[in-house]
Amino acid sequence: MNQKVRVRFAPSPTGGLHLGGVRTVLFNYLFAKQQGGDFIVRIEDTDQGRFVAGAEEYIFNTLKWCGLEPDESPLHGGPYAPYRQSERKANYRQYAEQLVKDGFAYYAFDTPEELETKRKEVANFQYNQFTRGNMNNSLTLSADEVKEKLVSTPYVIRIKMLEDETVVFTDMIRGEVSFNTSQVDDKVLLKADGMPTYHLAVVVDDYLMKISHAFRGEEWLPSAPVHILLWKYLGWGNDMPQWAHLPLILKPDGNGKLSKRDGDRLGFPVFAMDWTDPKTNETTTGFKERGFLPEAFVNLLAMLGWNDGTDREIFTLAELVEKFSMERVHKGGAKFDYEKAKWYNHEWIKELGVGSLELGVRSEFEKKGIVISDDSLFEKVIGLVKDRCTLLPDFVAQGSFFFQSPATIEVDAIKPKWDDKKNMFFTELIRAYELSSVWEMHDLEREFKELAAANQLKPGELMLPFRIMLVGGKFGPGVFDIAALIGKEETVKRIQNTLQLLQA
RNA sequence: GGCCGGUUCGUCUAUCGGUUAGGACAGCCCCCUUUCACGGGGCAAAGACGGGUUCGAUUCCCGUACCGGCUACCA
């Protein structure tokens, strides 16, 4: 038995990492760290047809952003290198051959075309114990023919499933799961190009890398018997990892597994970070670029299928490491709810201090071409505005007017009720503010109200116009907070500007 | 079609045989706020169905329905 906890995330580099993928990483990571174990990332690039340039790099960037750094990987190195299956190609054949020798597998010479026509002829055709006797393989051909074909034609190696046996295993989430071998087909283990299929490769590499617990999506459950039999046939039964098949993340509407298309369709990200398909040059936006904080992203993913048994919903990564338990992971899939996802981000924005927000917020401003030169003002603005921001770009919407004059002034909001009295008031306000020696929120408010009273105007009628002048629209923090922060000169300038606009 | 898995408010979920079935998101209402939010308070909203087992089932068992996954020389 393996003593040390070692888990692995084994993605195939075919595109962006979506919610389900990152959650699988997360649960692996949480379990490993809690048990003082190792978290390994192994790249399963055995299908050269589906390989996508840049996908591997993307995966590691995503893990870095989420704070889920592997202990071993092609990037981080480790004692079981290489961690890319394409680089381990030479390993697999011997095990497949061993299985043939031991009678657990056989050579098959049927071409992909032959199989395809077969599948067209016979509905639901399966290459299994009932059909393999009619196919081209080392079970039906004479020894000489096999020997001849082995050198002259391409071939695959297929597992030879037992006739009628029950394969039982205990899943950490689902409990006992069993399959009858008569229902599972003779899966290809080694492809004609010499590459292993997933089935062979996971088993061999999990064994070689001493993996103690294998977590993966529920879509793998049906092939679990193949893998379990392989562990047995290869003689490694005692070292087999414990399995856990994670529930799927489903579409918010309708049914089915969440896919990239759903995000496009429903207008929310499904990838962790922006992903640009090198073939089409199409970019799919990610949670990061949408303005999610990694803390929130990790948090919301953890709660999709797991909870600590209390009403608590906000957890740091460290807290998740402490509280996580596979026993509390759900069996059923969860529909993804983008509104709830945003709520997590909002909670995290409120939770985090100005200092932790600064970097991300700054880059949002830069994206919009707004240069922040006054750091102390910047920090004050973040503090003033953060409670009303859900996503990082909201900081720009809520705070750009602190750094530059509003692009547009909604004069229409005040025009209908505008009159000479108000015009006079603001003209006098300019004078009064220009004369003030201190520039502090409470004083500004007091002066404002005194002047209103002197002009027999209710402050209520003047607040909105004043806000529009400073902000450009009906939103933002308290007006006097804003005036105090942007300073005398700027306040006066904005009042004057709007007064002119109202004149026109 | 076959195999496997799943099923509590619209959504995410709590409950490990006895509860007015709890919380959160979204929705609606009110308060706060002379903006928009935040915040506070409230309303509405659920055990798929049918059988068992039991003094008692959301909880255990069986069946049905529904949903999902898989059924490739893809992972």
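Residue numbering restarts at 1 for every chain, and letters A, B, ... go by the order of the sequence lines. Note: hydrogens, waters and symmetry copies are ignored here, and every other heavy atom, side chains too, is used.
- Proximity note for A:Tyr198 (side chain, C-beta onward) versus B:C25, B:A75, B:U71: the nearest is B:A75.
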Contact state string [nucleotides 36-43 of chain B, B base, S sugar-phosphate only, - no protein heavy atom under 4.0 Å]
BBSS----
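- Sorted by first and then second residue, the side chain to side chain donor-acceptor pair (under 3.5 Å) pairs involving residues 462-472 of chain A (not counting sequence neighbours) form an empty list.
- A 3.5 Å limit on both hydrogen-bonding distances identifies B:G68 as the Watson-Crick or G-U partner of B:C4.
- A:Arg216 comes within contact range of no nucleotide atom at all, as no heavy-atom separation falls under 4.0 Å.
- Using N1 to N3 plus N6-O4 or O6-N4 for Watson-Crick, or N1-O2 and O6-N3 for G-U wobble, each under 3.5 Å, B:C25 pairs with B:G10.
- Base engagement by A:Gly460 is indicated by at least one non-hydrogen atom pair under 4.0 Å involving a base atom.
- In this entry the distance linking CG of A:Leu246 with P of B:G68 reads 20 Å, nearest Å.
- Between A:Lys331 and B:C67, a side-chain N or O to OP1/OP2 separation shorter than 4.0 Å is absent.
- Rounded to whole Å, the separation between the P atoms of B:G18 and B:U59 comes to 11 Å.
- Taking the C1' atom of each, B:C60 and B:U54 are spaced 10 Å apart, rounded to whole Å.
- Between B:G68 and B:G42, the distance separating the two P atoms is 39 Å to the nearest Å.
- A gap of 49 Å separates the P atoms of B:C36 and B:G50, to the nearest Å.
- Within residues 157-179 of chain A, the residues having any heavy atom under 4.0 Å from RNA chain B are, by residue number, A:Arg158, A:Arg174, A:Val177, A:Ser178, A:Phe179.
- Side chain of A:Asp311, nearest nucleotide from B:C73, B:C12, B:G23: B:G23.
- One can place NE2 of A:His199 at 7 Å from P of B:A75, the figure rounded to the nearest angstrom.
- Using a 4.0 Å heavy-atom distance criterion, A:Ser223 is classed as making no nucleic acid contact.
- Here A:Glu445 contributes atom CD and A:Asp481 contributes atom CG; the two are 9.0 Å apart, rounded to the nearest 0.5 Å.
- Between the CE atom of A:Met303 and the CG atom of A:Leu320 there is a distance of 8.0 Å, given to the nearest 0.5 Å.
- Applying the salt bridge (charged side-chain N to carboxylate O under 4.0 Å, His left out) definition to pairs two or more places apart or across chains, those involving residues 176-185 of chain A are A:Asp185-A:Lys187.
- Set against B:G5, B:A72, B:A75, the side chain of A:Glu44 has B:A75 as its closest nucleotide.
- By the 6.0 Å contact criterion, NZ on A:Lys350 is enclosed, its count of non-hydrogen atoms from other residues, nucleotides or ligands being greater than 12.
- Residue whose closest nucleotide on RNA chain B sits further toward the 5' end, between A:Gly473 and A:Thr111: A:Gly473.
- Across every strand in view, B:U53 sits unpaired, with no contact that passes the Watson-Crick or G-U test at under 3.5 angstrom.
- Considering only side-chain N and O atoms, A:His245 lies nowhere under 4.0 angstrom from the phosphate OP1 or OP2 of B:G5.
- With hydrogens and angles left out, the side-chain atoms of A:Glu490 and A:Ser405 include a donor and acceptor closer than 3.5 Å.
- In terms of phosphate contacts, A:Thr310 brings no side-chain nitrogen or oxygen within less than 4.0 Å of OP1 or OP2 of B:G23.
- A:Ala334 comes within contact range of the sugar-phosphate backbone alone, with a heavy-atom separation under 4.0 Å but no base atom that close.
- The side chain of A:Glu339 sits closest to B:C25 out of B:U35, B:U11, B:C25.
- The side chain of A:Asn124 contributes no N or O atom lying less than 4.0 Å from OP1 or OP2 of B:G1.
- Among the atoms of the strands shown, base atoms are found under 4.0 Å from some heavy atom of A:Gly478.
- Separating the NE2 atom of A:His330 from the P atom of B:U7 is a distance of 9 Å, rounded to the nearest angstrom.
- Closest contact between the side chain of A:Ser12 and the listed nucleotides B:G69, B:A75, B:A14 involves B:A75.
- For B:C12, neither phosphate oxygen OP1 nor OP2 lies less than 4.0 angstrom from any side-chain nitrogen or oxygen of A:Arg23.
- Annotation: B:C74 and B:U15 have their C1' atoms spaced 41 Å apart (nearest Å).
- For A:Arg50 and B:A72, the shortest distance from a side-chain N or O to OP1 or OP2 is not below 4.0 Å.
- A ring-ring contact (aromatic ring centres under 6.0 Å, His included) with A:Phe425 is found for one member of A:Trp418, A:Phe466, A:Phe448 and no other, namely A:Phe448.
- Contacts of A:Asp110 with the nucleic acid, taken as non-hydrogen atoms under 4.0 Å apart, include base atoms.
- With respect to the salt-bridge test (charged N to carboxylate O, under 4.0 angstrom), the residues A:Lys368 and A:Glu364 do not qualify.
- Rounded to a whole angstrom, the distance from the P atom of B:A48 to that of B:C31 is 39 Å.
- In the model, A:Ser259 has a side-chain atom that pairs as donor or acceptor with a side-chain atom of A:Asp262 under 3.5 Å.
- The same atom, C1', is picked in B:C66 and in B:G47; the two are 16 Å apart, to the nearest Å.
- Nearest to the side-chain atoms of A:Leu221 among the listed nucleotides B:G23, B:G5, B:U71 stands B:G5.
- When each of B:A72, B:C73, B:U35 is scored by its nearest atom to the side-chain atoms of A:Val188, the top-ranked nucleotide is B:C73.
- Atom name C1', nucleotides B:G27 and B:C4: the rounded distance is 38 Å, in whole Å.
- Taking OG from A:Ser138 and CD1 from A:Ile157, the interatomic distance works out to 8.5 Å, rounded to the nearest 0.5 Å.
- The stretch residues 153-164 of chain A participates, sequence neighbours left out, in no salt bridge (charged side-chain N to carboxylate O under 4.0 Å, His left out) pair at all.
- Geometrically, A:Lys340 engages A:Trp343 in a cation-pi contact, judged by NZ or CZ lying under 6.0 Å from the ring centre and within 45° of the ring axis.
- Side-chain proximity of A:Leu115 to B:C73, B:U13, B:A75: nearest is B:C73.
- Within the 4.0 angstrom heavy-atom criterion, base atoms lie near A:Met463.
- Side-chain to base pairing of A:Lys340 with B:A24: one donor and one acceptor N or O lie within less than 3.5 Å of each other.
- Here the nucleotide nearest the side chain of A:Gln126, chosen from B:U11, B:A14, B:A72, is B:A72.
- Comparing A:Lys257 and A:Asp337 against RNA chain B, the residue whose closest nucleotide sits nearer the 5' end is A:Asp337.
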Please output the side-chain donor-acceptor pairs of residues 117-125 of chain A that fall under 3.5 Å, not counting sequence neighbours, one pair per line with the distance.
from     : atom 1 : to       : atom 2 : distance (Å)
A:Thr117 : OG1    : A:Glu113 : O      : 3.3
A:Thr117 : OG1    : A:Glu114 : O      : 2.9

